[in-house]
There are 2 protein chains.
Amino acid sequence: MPKPRQEAMASPSATGALKPQRRSYSIGELSRLFEVTPRTIRFYEQEGLLAPERRGQTRIYHEKDRVRLKLTLRGKRLGFTLAEIREVIELYDAMPDGNARQLQRMLEILSAKRAEMQARLEDIRLMQQELDEVENRCRSVLEQLDRRDVT
Amino acid sequence: MPKPRQEAMASPSATGALKPQRRSYSIGELSRLFEVTPRTIRFYEQEGLLAPERRGQTRIYHEKDRVRLKLTLRGKRLGFTLAEIREVIELYDAMPDGNARQLQRMLEILSAKRAEMQARLEDIRLMQQELDEVENRCRSVLEQLDRRDVT
DNA sequence: TCCGCACTTTACGTTAACGTAAACTTGGCG
DNA sequence: CGCCAAGTTTACGTTAACGTAAAGTGCGGA
């Protein structure tokens with residue numbers, strides 16, 4: 001996996017309350033910012049993950065779109081499909097007009113997602129354990145080699 | 001995502017030191033155990049992730065294969081490709097004949113994987129934060145509705 | 001005015017990770 | 001013996017998530 005530069009790594013600030021706050025971005029700027037191709041960004045729009053403003057036929061992205069893209073890419077890194085991510089994102093900002101029934105449904109979905117994240121956390125924990133084991137075996141073999149060289 | 005039953009959820013025991021310890025599994029048993037299709041298991045073999053014994057033309061899986069499959073599925077849940085997983089698995093047990101050069105390379109790869117896991121952890125943390133936020137907004141809207149109903 | 005660059009749409013191509021169907025063998029059992 | 005369930009190979013199909021190429025639009029600068 002290639003190395004991210006700007007947005008890709010988490011910044012210390014929590015929820016982007018007071019960030020650069022650029023008014024808008026072109027598709028090219030946004031693509032460089034997150035190290036994805038314009039094609040990818042257009043594809044995400046087509047899949048209902050983004051909905052940029054249009055000036056003529058040109059797309060104009062704002063903070064809201066930037067946040068959505070960030071969420072999308074984060075979701076992808078966690079192995080979610082675009083459809084699943086869209087589900088969460090739709091929750092994220094389709095709320096003001098929510099009736100109680102809808103909101104209850106949301107809470108259920110949130111709870112499910114939360115459980116998934118917990119499961120992933122456990123996966124990571126176990127994976128790290130195995131990395132530890134391999135590393136230990138690896139180092140012990142290296143030690144053996146050293147000892148043999150010295151004696 | 002479908003719900004796992006047996007092996008899929010992490011058991012309390014750490015590294016399978018003293019598990020059921022069945023001698024062997026058929027492809028069907030293994031597939032039920034992990035809730036994947038036989039086709040998937042054969043595909044993983046074709047991709048170099050499994051290498052079961054053969055009795056005639058029939059595949060026989062042992063503990064080693066079970067562990068590999070478990071690692072593979074765990075990797076998948078974390079969004080790794082089969083190729084990446086194979087890389088790790090090859091490290092996992094192609095070590096005895098390692099020269100120092102090889103072992104150093106392994107340690108590098110391990111370090112890289114470790115960094116990736118850390119990044120994923122951070123992703124999860126952020127994702128959980130956002131789930132919290134959405135839930136809070138959700139609950140506050142519900143509260144408003146309640147208040148309105150009561151008054 | 002013309003250039004070049006960044007943007008656009010349309011459409012076909014590609015890769016990973018399996019699903020699905022067909023046709024074949026094989027071991028146990030009534 | 002006959003048959004069924006569970007295994008096998010071979011091969012083509014499918015879906016998600018983009019890549020890539022072609023052809024057109026819009027605009028700020030020399």
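Letters A, B, ... mirror the listed sequences (proteins, then strands); counts begin at 1.
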Test side-chain contact (heavy atoms from CB on, under 4.5 Å) applied to [X] - qualifying residues, sequence neighbours left out:
X	result
A:Gln128	A:Ile124, B:Met117, B:Gln118, B:Leu121
A:Ala51	none
B:Thr58	none
B:Thr37	B:Arg39, B:Thr40

Just how far, in rounded Å, is [atom2] of [N] from [atom1] of [X]?
X	N	atom1	atom2	result
B:Arg32	D:dG7	CZ	C1'	12 Å
A:Arg55	C:dA6	CZ	C1'	16 Å
A:Arg54	C:dT8	CZ	C1'	8 Å
B:Glu45	D:dT10	CD	C1'	15 Å
B:Tyr25	D:dG7	OH	C1'	19 Å

Those residues at least two apart in sequence (or on a different chain) that pass salt bridge (charged side-chain N to carboxylate O under 4.0 Å, His left out) with B:Arg68 are B:Asp93

Taken in chain and number order and not counting sequence neighbours, the residues that satisfy salt bridge (charged side-chain N to carboxylate O under 4.0 Å, His left out) with A:Lys113 are A:Glu87

Has B:Arg55 got more than 12 heavy atoms of other residues, nucleotides or ligands less than 6.0 Å from its CZ?
-> no

Output a table of nitrogen or oxygen pairs between the protein and nucleotides 24-29 of chain C separated by less than 3.5 Å.
none

Sequence neighbours excluded, the answer for side-chain hydrogen bond (donor to acceptor under 3.5 Å, both in side chains) partners of B:Gln144 is none

Indicate for each nucleotide in nucleotides 13-21 of chain C, in 5' to 3' sequence, whether protein heavy atoms under 4.0 Å reach the base (B), only the sugar-phosphate (S), or nothing (-).
-> ----BBBB-

Can you tell me if the side-chain N/O atoms of B:Arg59 get under 4.0 Å from OP1 or OP2 in D:dG7?
-> no

